[in-house]
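Notes for the one structure printed next.
Side-chain atoms are counted along with the backbone in the values below, which use heavy atoms only and exclude waters and symmetry mates.
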Amino acid sequence: MALTVTPGGASDDALLSYDDFVTYAEAHGWEYSAFDDDAIEASLRRGTVYVEGLGGPTPSLTTRWPGVKCSAAQR
């Protein structure tokens with residue numbers, strides 16, 4: 001199942017696309033050929049859930065993710 005990557009979108013399920021992962025992995029000399037596309041996509045989804053969970057509503061939110069939204073629609 002293809003990843004949905006829409007920065008700030010309500011239906012996104014990954015922070016980067018499969019192609020972006022491949023580009024990054026190859027640029028850093030990572031070996032990922034032992035994993036099939038589905039496993040990589042599942043890992044990208046799990047990583048996104050983890051990272052987005054770190055930014056949940058907590059008192060330390062502003063120190064964990066400093067900055068401002070680009071627009072009112074951004075999550």
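In this structure, Trp30 and Phe21 have tilted ring planes: the angle between them lies in the 30° to 60° band.
Counted within 6.0 Å of OH on Tyr32, heavy atoms from surrounding residues, nucleotides or ligands total more than 12; the atom is thus considered enclosed.
Remark: Asp36 CG to Glu41 CD distance equals 9.5 Å, nearest 0.5 Å. Separating the OG1 atom in Thr48 from the CG atom in Leu16 is a distance of 7.0 Å, to the nearest 0.5 Å. Between atom OH of residue Tyr18 and atom CG of residue Asp37 there is a gap of 3.5 Å, rounded to the nearest 0.5 Å.
Looking at Glu26, its side chain never comes within 3.5 Å of a backbone N or O of His28 through a donor-acceptor pair. Judged purely by atom type and a 3.5 angstrom limit, Asp13 uses its side chain to pair as donor or acceptor with the backbone of Thr4.
Closest of all the heavy-atom pairs between Ala14 and Leu3 is CB-CD2, 3.9 Å.
Under a hydrophobic-cluster definition in which Ile, Leu, Val, Met, Phe, Trp and Tyr are linked whenever side-chain heavy atoms come within less than 4.5 Å, directly or via other members, Tyr24 and Leu44 are assigned to the same cluster.
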In sequence, state the C-alpha distance, the side-chain angles, and the governing distance for Thr23 and Asp20, and then conclude on side chain to side chain donor-acceptor pair (under 3.5 Å).
CA-CA 5 Å; Thr23 300; Asp20 289 340; 5.4 Å; no
